[in-house]
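Before any comments, here is the structure.
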Amino acid sequence: MSANRPAAVVVLAAGEGTRMKSATPKVLHALCGRSLVGHVVAASRELDPEHLVVVVGHAREQVRAHLSEVDPEVRTAVQHEQLGTGHAVRMALDELSNSGVVLDGTVIVVCGDTPLLTGETLQRLAETHAADGNAVTVLSAEVPDATGYGRIVRDAASGAVTAIVEHKDASEAQRAVREINSGVFAFDARLLVDALGKVRTDNSQGEEYLTDVLGIVREAGHRVGAAVAVDHREILGINNRVQLAEARRLLNERLLERAMLAGVTVVDPASTSVDVSVSFEQDVTVHPGTQLLGATHVASGAEVGPHSRLTDTSVGEGAVVSFTVAEGARIGVGANVGPYAYLRPGTDLGPRSKAGAYVEMKNASVGEGTKVPHLSYVGDATIGEFTNIGAASVFVNYDGEAKHHTTVGSHCRTGSDNMFVAPVTIGDGAYTAAGSVITKDVPPGSLAVARGQQRNIEGWVARKRPGSAAAQAAAAARQESEGER
């Protein structure tokens with residue numbers, strides 16, 4: 001357990017976020033596979049706090065339901081009216097107090113709309129807070145352009161923070177300062193509780209401002225300090241969809257850089273997207289235009305893309321997946337998928353198997369070395385090893401009310417344009433003729449032929465389509481044939 005383990009982390013997530021122009025609460029908008037508040041909760045968990053409390057307000061039942069899915073151990077506190085950041089923190093502390101929790105140590109307050117904030121930065125904030133013996137430590141950042149931000153004003157001798165001055169109130173000298181307030185703080189728990197009771201609402205908004213706590217503790221003779229974030233982009237908050245897209249781009253770059261430094265080749269990072277939950281082994285190649293989402297894992301030596309989207313899919317060592325959409329699929333070692341394949345949930349491709357061009361699979365298990373090369377649908381099926389499924393085959397699994405299963409054995413050869421009407425079983429080593437509609441089980445080693453006998457009706461076109469282009473072509477061909485005799 002870290003010596004700087006916080007007594008609590010409070011996440012402020014009560015706001016409506018009207019500038020998002022959305023029916024979805026702001027903190028539930030997603031980037032790279034997590035909601036905004038989900039990213040903040042995950043970073044906060046890295047500190048291993050004794051208590052983690054998220055303050056909810058707008059659409060609180062929806063936000064609570066989401067939190068129970070992403071982190072069931074999170075506690076929530078309700079801010080029924082949005083009466084300021086100080087009031088929100090007070091609601092969180094009241095929730096803990098009413099549960100019999102007596103806080104002693106550090107309380108860290110973070111914003112629920114800062115998805116780029118990392119656990120490492122929060123840990124440095126906690127360490128600085130403890131090392132400097134501060135009552136309050138502000139997470140600050142030095143930005144290229146501080147316009148519109150609250151400036152950090154420090155004592156020249158001690159480096160202590162003497163004030164946070166909003167841009168509109170700053171002097172010319174203060175506006176030249178590039179160190180800004182992030183809205184993230186570390187507090188001494190006991191001093192925070194006491195100071196929140198003294199925060200006033202005599203301001204233009206009639207709200208309780210958390211930043212007022214800094215002045216209260218300074219007047220009481222306690223030190224206020226700051227910890228500077230290494231990357232100022234971590235503190236970026238999200239207020240509209242433009243900022244959401246920018247944060248997504250920055251986080252995606254961070255994730256891809258981490259992957260490349262770990263031995264993954266990303267041919268074109270600008271056109272490649274990954275979620276935070278995606279994992280790679282070394283020597284993977286990701287081609288342009290590829291999206292890797294959810295719990296997707298790509299094993300060593302595999303190639304994915306170009307222009308593929310894999311969701312919750314595992315790709316085996318040395319597999320090649322191109323121009324493919326896959327959801328909840330397992331692609332085996334050395335398998336070959338695409339182009340233009342669609343692997344739906346429950347697809348399990350064995351080692352060195354193939355799902356080729358324009359093949360769709362769903363709830364299908366395909367054995368080692370088996371090939372479904374092109375233009376086929378395989379649904380609710382089990383196919384054995386080293387079997388070949390002919391082109392344009394359909395596993396007819398749905399009778400209008402229920403799905404049924406088809407089993408094809410090992411070392412089978414099925415003809416092109418076959419319909420396998422489930423439930424049906426094709427035995428090991430069996431063959432089926434092209435154009436067959438298979439409705440009965442085929443014993444092992446048998447050849448099944450299920451099609452009408454061909455019948456040619458001579459002269460039909462001349463009688464039924466006289467004068468047509470087809471009739472003229474047929475007549476010319478007949479004359480040419482007769483002339484050759």
Side-chain angles (χ1 to χ4, degrees), residues 6 8-82 84-85 87-93 95-96 107-123 125 139 182-186 210 229 233-252 254-255 275-277 293-294:
V9 173
V10 176
V11 179
L12 306 182
E16 183 176 357
T18 56
R19 282 178 283 176
M20 297 297 288
K21 308 292 185 184
S22 176
T24 300
K26 179 174 78 168
V27 296
L28 297 191
H29 281 264
L31 68 163
C32 298
R34 278 193 192 136
S35 65
L36 298 182
V37 71
H39 283 288
V40 177
V41 166
S44 300
R45 274 294 180 211
E46 293 185 35
L47 276 67
D48 188 29
E50 295 177 35
H51 305 281
L52 179 51
V53 185
V54 178
V55 182
V56 298
H58 175 71
R60 57 183 174 272
E61 294 307 320
Q62 192 176 349
V63 178
R64 273 176 161 167
H66 173 72
L67 289 169
S68 68
E69 293 178 2
V70 301
D71 190 333
E73 300 302 314
V74 162
R75 304 176 66 140
T76 57
V78 178
Q79 187 184 27
H80 293 282
E81 296 181 82
Q82 275 68 72
T85 51
H87 178 262
V89 173
R90 191 153 57 82
M91 294 302 97
L93 300 187
E95 167 68 24
L96 293 172
V107 173
I108 291 178
V109 177
V110 298
C111 303
D113 63 352
T114 53
L116 300 178
L117 191 62
T118 64
E120 293 87 346
T121 292
L122 290 176
Q123 187 62 50
L125 172 65
L139 178 64
S182 70
V184 177
F185 303 91
L210 184 60
R233 297 173 298 181
E234 282 194 34
I235 70 169
L236 292 176
I238 307 301
N239 293 302
N240 56 49
R241 312 252 186 160
V242 175
Q243 293 172 342
L244 180 67
E246 175 64 8
R248 181 180 292 113
R249 182 185 67 81
L250 292 170
L251 182 53
N252 190 65
R254 181 192 297 173
L255 295 170
D275 279 353
V276 293
S277 46
L293 311 174

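Source: prediction; values computed, not measured. All heavy atoms count here, side chains included; hydrogens, waters and symmetry mates do not.
Under the 4.5 Å side-chain criterion, counting only non-hydrogen atoms from C-beta, Cys111 is not in contact with Val40. Between His87 and Gln79, some side-chain heavy-atom pair lies under the 4.5 Å cut-off. Within the 4.5 Å cutoff, the side chain of Ile238 has no heavy atoms near those of the Leu236 side chain.
His66 contributes atom NE2, which lies 7.5 Å from atom CD of Glu69 (distance to the nearest 0.5 angstrom). If you take CG on Leu47 and CD1 on Ile108, they are separated by 5.0 Å, rounding to the nearest 0.5 Å. Between the CD atom of Gln123 and the CG atom of Leu125 there is a distance of 9.5 Å, given to the nearest 0.5 Å.
Applying the salt bridge (charged side-chain N to carboxylate O under 4.0 Å, His left out) test to Glu95 and every residue at least two apart in sequence or in another chain returns Arg75. With sequence neighbours left out, the side chain to side chain contact (heavy atoms under 4.5 Å, CB included) criterion links Glu73 to Arg45, Asp71. Taking Thr121 as the reference, Leu117, Thr118, Arg124, Leu139, Ala229, Glu234 meet the side chain to side chain contact (heavy atoms under 4.5 Å, CB included) condition, with sequence neighbours excluded. Partners of Glu50 by salt bridge (charged side-chain N to carboxylate O under 4.0 Å, His left out), not counting sequence neighbours: none found.
Listed by first and then second residue, the salt bridge (charged side-chain N to carboxylate O under 4.0 Å, His left out) pairs that reach into residues 109-122 are Lys26-Asp113, sequence neighbours excluded. Residues in residues 31-42 take part in no salt bridge (charged side-chain N to carboxylate O under 4.0 Å, His left out) pair, two or more places apart or across chains.
Taking every heavy atom of both residues into account, Asn252 and Cys32 meet most closely at N-SG, 4.0 Å. When all heavy atoms of Ala65 and Ser68 are compared, the closest pair comes out as O-OG, 2.7 Å. Shortest non-hydrogen contact noted between Ala88 and Leu12 is CB-CD2, 3.9 Å.
Between the side chain of Arg248 and the main chain of Ala30, a donor-acceptor pair closer than 3.5 Å is present. At distances below 3.5 Å, at least one donor-acceptor pair connects side-chain atoms of Asn240 with backbone N or O atoms of Val242. In this structure, Thr114 contributes its side chain and Gly237 its backbone to no donor-acceptor pair below 3.5 Å.
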Show me the side-chain donor-acceptor pairs of residues 51-64 shorter than 3.5 Å, one per line, residues at least two apart or across chains.
{"unit_1": "Glu61", "atom_1": "OE2", "unit_2": "Arg64", "atom_2": "NH1", "d": "3.3"}
{"unit_1": "Arg64", "atom_1": "NE", "unit_2": "Thr76", "atom_2": "OG1", "d": "3.0"}

Contacts under 3.5 angstrom, residues 16-23 side chains, donor-acceptor by atom type, not counting sequence neighbours:
{"unit_1": "Ser22", "atom_1": "OG", "unit_2": "Thr24", "atom_2": "N", "d": "2.9"}
{"unit_1": "Ser22", "atom_1": "OG", "unit_2": "His29", "atom_2": "NE2", "d": "3.1"}
{"unit_1": "Ser22", "atom_1": "OG", "unit_2": "Arg241", "atom_2": "NH2", "d": "3.4"}

Is there a side-chain contact (heavy atoms from CB on, under 4.5 Å) between Val109 and Thr85? Walk through the geometry before answering. CA-CA 10 Å; Val109 177; Thr85 51; over 6 Å; no
- Item | Working for side-chain contact (heavy atoms from CB on, under 4.5 Å), residues Ser44 and Leu122 | CA-CA 7 Å; Ser44 300; Leu122 290 176; 4.2 Å; yes
